[in-house]
Asks: 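Take a look at the following structure, please.
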Amino acid sequence: MQTISAPRADARTPVETPAPLLHSIVLDWYRENARDLPWRTPEASPWAVMVSEFMLQQTPVKRVLPAYAAWLERWPTPARLAADAPGEAVRMWGRLGYPRRALRLHAAATAIVERHGGRVPDDHAELLALPGVGEYTAAAVASFAFKQRHAVLDTNVRRVFARAVTGVEYPANATTAAERRVATGLLPAADEVAAEWAVAVMELGALVCTARSPECGGCPLRAQCAWQRAGCPPHQGPARRGQSYEGTDRQVRGKLLAVLRAQHGPVPRGQLDVVWPDDIQRDRALDGLVADGLVEPLADGYFQLPQ
DNA sequence: AACTCGTGGGT
DNA sequence: TACCCAAGAGT
């Protein structure tokens with residue numbers, strides 16, 4: 001039986017919690033404390049779940065909520081999005097950040113229409129083959145939208161397992177094979193239970209077992225948590241590389257794209273030149289946007305969102 | 001495997 | 001105030 005275990009000085013008394021007990025603890029907690037999120041309602045279509053997952057890649061729930069509602073109002077199906085220009089997706093993306101996600105979501109909608117008759121596929125491999133869908137998103141859509149049994153390893157789940165199972169404060173920078181083994185080993189046998197377990201562990205990480213200041217006092221796993229039993233040792237090793245932003249190409253790209261989003265139709269270069277004083281860096285950023293397909297160059301020094 | 005890619009809120 | 005961090009993906 002899969003168990004949760006913590007290192008103990010006395011090897012004769014290992015601390016192990018049977019997986020079924022863990023499941024009931026976390027599922028009971030979830031049923032009491034889950035947030036009411038629109039993509040979790042029974043009415044949420046697989047497409048709605050997919051839209052939420054794209055938006056939630058590196059963007060907090062609070063900022064996704066209004067964008068999610070507006071997006072689905074305008075494009076309730078993949079076919080409706082695919083019928084519009086990719087630039088409209090970039091415009092609707094607004095200030096969610098990482099606008100390439102908007103482009104990829106549009107490309108995914110197009111692929112869904114072309115390859116799957118306009119319906120979001122329920123097969124994990126077919127999901128994974130869609131633009132912008134990686135290991136996490138494929139598992140998330142298969143689990144949340146189709147109630148399948150998959151290890152869903154996002155930053156929240158990885159942190160919960162790092163602490164509760166492995167006994168360290170933070171997981172490694174990239175997902176490891178060991179983490180996949182832990183997650184798979186703890187997966188409940190039944191599909192629907194596994195799907196609820198996945199969202200429940202994620203919610204625990206989002207609300208209680210948070211990165212900065214976890215509320216261990218209110219954690220249902222406190223008695224079983226390996227990190228807690230080890231005395232909450234602080235993270236060892238190099239800190240995660242800070243993502244500096246001020247003065248980077250990313251900031252310039254953001255400013256350029258903001259001008260293009262606000263404008264309907266072609267924008268003369270002069271309107272872009274004013275957002276950043278350094279010609280070299282501004283040109284590099286604009287070239288990058290064009291290379292990424294986020295901006296279309298026109299004749300006579302005009303630019304627009306991709307048509 | 002390390003790096004890039006936005007934006008805003010929490011501490 | 002300066003960080004840190006957020007349901008990652010692609011290269």
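Each chain gets a letter, A, B and so on, in the order its sequence line appears, and its residues count up from 1.
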Asks: Measure from CZ on A/F144 to P on C/dA7 and round the result to the nearest Å.
Replies: 12 Å
Asks: Please report the distance, rounded to the nearest Å, between CG in A/L256 and P in B/dC5.
Replies: 13 Å
Asks: Among Ile, Leu, Val, Met, Phe, Trp and Tyr joined by side-chain contacts under 4.5 Å, find the other residues sharing a cluster with A/V113 and list them by chain and number.
Replies: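 A/V113 shares its hydrophobic cluster with no other residue.
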Asks: Output yes when A/D287 and A/R284 qualify as a salt bridge under the 4.0 Å nitrogen-oxygen rule, no when they do not.
Replies: no
Asks: Given atom CZ of A/R100 and atom C1' of C/dA9, what is their separation to the nearest angstrom?
Replies: 8 Å
Asks: Which part of the nucleic acid, if any, lies within contact of A/G134, taking any heavy atom under 4.0 Å across all strands shown: a base, the sugar-phosphate backbone alone, or nothing?
Replies: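 Since only primed, P, OP1 and OP2 atoms lie under 4.0 Å of A/G134, the category is sugar-phosphate.
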Asks: Does A/D122 pair with A/K147 as a salt bridge, N-O distance under 4.0 Å?
Replies: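 Salt bridge absent between A/D122 and A/K147.
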Asks: What closest approach, in Å, do A/V152 and A/Y136 show between heavy atoms, and which atom pair accounts for it?
Replies: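 It is CG1-CE1, 3.5 Å.
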Asks: Using ring pair (Phe, Tyr, Trp, His ring centres under 6.0 Å) as the criterion, list what pairs up with A/Y68, not counting sequence neighbours.
Replies: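 Checked A/Y68 against ring pair (Phe, Tyr, Trp, His ring centres under 6.0 Å); matches are A/W39.
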Asks: Which pair of non-hydrogen atoms, one from A/R261 and one from A/V90, has the smallest distance, and what is that distance?
Replies: CD-O, 3.5 Å
Asks: Please tell me which of A/T248 and A/R95 maps to the more 5' nucleotide of DNA chain B, matching each residue to the nucleotide holding its nearest heavy atom.
Replies: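 Of the two residues, A/T248 wins.
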Asks: Look at all strands and tell whether A/Q251 reaches a base, only sugar-phosphate, or nothing, counting heavy atoms closer than 4.0 Å.
Replies: nothing
Asks: Provide, to the nearest angstrom, the distance between the CD atom belonging to A/E169 and the C1' atom belonging to C/dC5.
Replies: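 Rounding to the nearest Å, CD of A/E169 and C1' of C/dC5 are 14 Å apart.
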Asks: With a 4.0 Å cutoff (strictly under), does any side-chain N or O of A/R159 reach OP1 or OP2 of C/dA6?
Replies: yes
Asks: Tell me: CD of A/E215 to C1' of B/dT11, nearest whole Å?
Replies: 14 Å
Asks: Judged by each residue's nearest nucleotide on DNA chain C, which is more toward the 5′ side, A/R250 or A/L130?
Replies: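 Going by which nucleotide is closer to the 5' end, it is A/R250.
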Asks: Kindly write out the residues that satisfy side chain to side chain contact (heavy atoms under 4.5 Å, CB included) with A/T59, not counting sequence neighbours, or none if the list is empty.
Replies: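 For A/T59 the side chain to side chain contact (heavy atoms under 4.5 Å, CB included) partners, ignoring immediate neighbours, are A/R63, A/V64, A/L96, A/R101.
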Asks: Could you check which residues of residues 264-288 of chain A get a heavy atom under 4.0 Å from DNA chain B? Sort them by number, please.
Replies: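 Nucleic-acid contacts, sorted: none.
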Asks: Using the P atoms only, state how far B/dG10 lies from C/dA7, rounded to an integer number of Å.
Replies: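 C/dA7 and B/dG10 have their P atoms separated by 13 Å.
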Asks: Report whether A/V295 and A/L105 are members of the same hydrophobic cluster (ILVMFWY, side-chain heavy atoms less than 4.5 Å apart, transitive linking).
Replies: no
Asks: When you measure from every atom of DNA chain B, which of residues 46-65 of chain A have a heavy atom less than 4.0 Å away?
Replies: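 Here the set is A/Q58, A/T59, A/R63.
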Asks: Considering only residues two or more places apart or on different chains, which pairs with a residue in residues 201-220 of chain A satisfy ring-ring contact (aromatic ring centres under 6.0 Å, His included)?
Replies: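 Listed by first then second residue: nothing to list.
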Asks: Which is true for A/L96 with a 4.0 Å heavy-atom rule: it touches a base, it touches only sugar-phosphate, or it touches nothing?
Replies: base
Asks: What is the nucleic acid contact for A/L37, judged by heavy atoms within less than 4.0 Å: base, sugar-phosphate only, or nothing?
Replies: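 Base, at least one base atom sits under 4.0 Å.
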Asks: Assess whether a salt bridge exists between A/R115 and A/E126, defined as any Lys/Arg side-chain N lying under 4.0 Å from an Asp/Glu carboxylate O.
Replies: no
Asks: Return the value, rounded to whole Å, for the distance between atom CZ of A/R253 and atom C1' of B/dT4.
Replies: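 Checked: the CZ to C1' distance equals 9 Å.
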Asks: Remember a base hit wins even if backbone is also touched, and classify A/W93 as base, sugar-phosphate or nothing at under 4.0 Å, heavy atoms.
Replies: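 Since no nucleic acid heavy atom lies under 4.0 Å of A/W93, the category is nothing.
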Asks: What is the distance from CD of A/E203 to C1' of C/dA7, rounded to the nearest Å?
Replies: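 Those two atoms, CD and C1', are 10 Å apart.
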Asks: Parallel, tilted or perpendicular for A/W197 and A/H23, by the 30°/60° rule?
Replies: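 Rings of A/W197 and A/H23: perpendicular, over 60°.
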Asks: Closer than 4.0 Å, any side-chain N/O of A/Y245 to the OP1 or OP2 of B/dT7?
Replies: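 Checking B/dT7 against A/Y245, a side-chain N or O does come within under 4.0 Å of OP1 or OP2.
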Asks: A/V133 or A/A206: which one's nearest nucleotide on DNA chain C is closer to the 5' end?
Replies: A/A206
Asks: Is A/T137 close enough to C/dA7 that one of its side-chain N or O atoms is under 4.0 Å from OP1 or OP2 there?
Replies: no
Asks: Would you mind classifying the nucleic acid contact of A/A140 as base, sugar-phosphate or nothing, using non-hydrogen atoms under 4.0 angstrom?
Replies: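 If one applies the 4.0 Å heavy-atom cut-off, A/A140 turns out to touch nothing in the nucleic acid.
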Asks: Take atom CZ of A/R212 and atom C1' of B/dG8, then tell me their distance rounded to the nearest Å.
Replies: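 My rounded result for the distance is 14 Å.
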Asks: With rounding to the closest Å, how many angstrom separate the P atoms on C/dA9 and B/dG8?
Replies: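 The same atom, P, in both gives a distance of 23 Å.
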Asks: Kindly point out which of C/dC5, C/dA7, B/dC5 is positioned nearest to the side chain of A/D249?
Replies: B/dC5
